[in-house]
Amino acid sequence: MENNQSANTEITHVSEFIDRVRELIDSHSNKKVHFLYRGECKRYSNYCRPNIFRKNVLSTNPLYEKSLFNTMRQNKLSNNDSYLENAIDAQHGEFPSRLLDVSYNCLTALYFAVTPYYHNDVAAYDSEDGMVYVFYVDEIFSPSAQNTN
């Protein structure tokens with residue numbers, strides 16, 4: 001698990017993970033912040049990087065997003081006019097986007113840290129250390145969560 005202080009902690013049990021998250025939340029209890037979590041199934045050199053950049057999509061096709069969003073609208077895969085809403089629809093359709101998936105639930109992030117992406121073999125990353133990254137931010141926009149807006 002890492003936070004902005006680059007603390008690396010090896011964790012071998014779910015209970016240890018939950019205790020460490022509780023400690024982190026408690027250490028920020030005097031601040032008004034939202035905690036967000038991201039799980040990655042291995043330690044990437046460019047961690048917490050949206051897949052459009054990790055896969056170098058824009059370097060091979062600089063108009064990728066414009067073409068994708070136009071195609072999505074034409075095929076009624078997205079009925080949204082805003083870039084953000086189109087990017088969300090694209091990402092949920094497994095297309096590369098600039099968005100980074102995070103969760104409000106630390107156990108969801110832990111799941112993604114220890115489970116390979118479903119297109120991979122179930123044991124694909126068993127020799128890798130999964131990572132959970134913790135972000136704490138004072139303000140956030142979530143188009144699908146009115147209580148966060």
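Here, residue 1 is the first one in the sequence, and each next residue gets the next number. Computed from a prediction, not measured in an experiment: that's the story for all the values here.
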- Item | Hydrophobic cluster identity match, Val21 and Phe35, side-chain contacts under 4.5 Å | yes
- Task: Treat each ILVMFWY residue as a node, draw an edge where side-chain heavy atoms are under 4.5 Å apart, and state whether Phe17 and Val134 are in one component.
- Result: yes
- Message: Just verifying a value: how many Å separate Cys106 SG and Leu24 CG, rounded to the nearest 0.5 Å?
- Response: 10.0 Å
- Query: Roughly how far apart are Leu84 CG and Asp89 CG, rounded to 0.5 Å?
  - Reply: 9.5 Å
- Query: Applying the 4.5 Å side-chain criterion to the ILVMFWY set and letting contacts propagate, would Ile88 and Phe112 be lumped into a single cluster?
  - Reply: no
- Message: Working to the nearest 0.5 angstrom, can you tell me the gap between Ile52 CD1 and Ser59 OG?
- Response: 10.0 Å
- Message: If you define the side chain from C-beta out and look only at heavy atoms, does anything of Ser103 sit under 4.5 Å from Tyr111?
- Response: no
- Message: Taking atom NZ as the centre, does Lys31 end up with more than 12 heavy-atom neighbours from other residues, nucleotides or ligands that are less than 6.0 angstrom away?
- Response: yes
- Message: Just so I know, are the side chains of Asn86 and Glu65 near enough to count as touching, which here means a heavy-atom distance under 4.5 Å?
- Response: no
- Item | Point-to-point distance, once rounded to the nearest 0.5 Å, from CZ of Phe69 to OG of Ser78 | 8.0 Å
- What is the minimum heavy-atom distance between His34 and Asp138, and which atoms define it? CD2-O, 4.0 Å
- Taking the side chain as C-beta and beyond, is there a heavy-atom pair between Asn70 and Arg73 under 4.5 Å? yes
- Task: To the nearest 0.5 angstrom, please state how far the OH atom of Tyr37 sits from the OH atom of Tyr136.
- Result: 11.5 Å
- Message: I need the minimum non-hydrogen distance between Arg54 and Tyr44, along with the two atoms involved.
- Response: NH1-CE1, 3.4 Å
- Val57 backbone acceptor or donor facing Thr60 side chain under 3.5 Å: yes
- Report yes or no: do Met131 and Val102 belong to one cluster of Ile/Leu/Val/Met/Phe/Trp/Tyr joined by side chain heavy-atom distances under 4.5 Å? yes
- Cys41 to Glu128 - nearest heavy-atom pair and separation: O-CB, 3.9 Å
- Message: Could you report the tightest heavy-atom contact between Leu110 and Val14, atom names first, then the distance?
- Response: CD2-CG2, 4.2 Å
- Message: Testing Arg43, Arg38, Lys42 one by one against Glu40 for a salt bridge (Lys or Arg N to Asp or Glu O under 4.0 Å), which residue passes?
- Response: Arg38
- pair Leu36-Val137: side-chain heavy atoms closer than 4.5 Å: yes
- Rounded distance [0.5 Å steps], CG in Asp101 versus OG1 in Thr108: 11.0 Å
- Query: Any idea which heavy atoms bring Glu16 and Thr12 closest together, and the distance?
  - Reply: OE2-OG1, 2.8 Å
- Item | Arg98 side-chain N/O to Ala87 backbone N/O, donor-acceptor pair under 3.5 Å | no
- On a heavy-atom basis, the closest approach of Pro50 and Leu99 is CB-O, 3.6 Å
- Query: Taking Asn105 for the side chain and Leu107 for the main chain, is one N or O donor matched with an acceptor at less than 3.5 Å?
  - Reply: yes
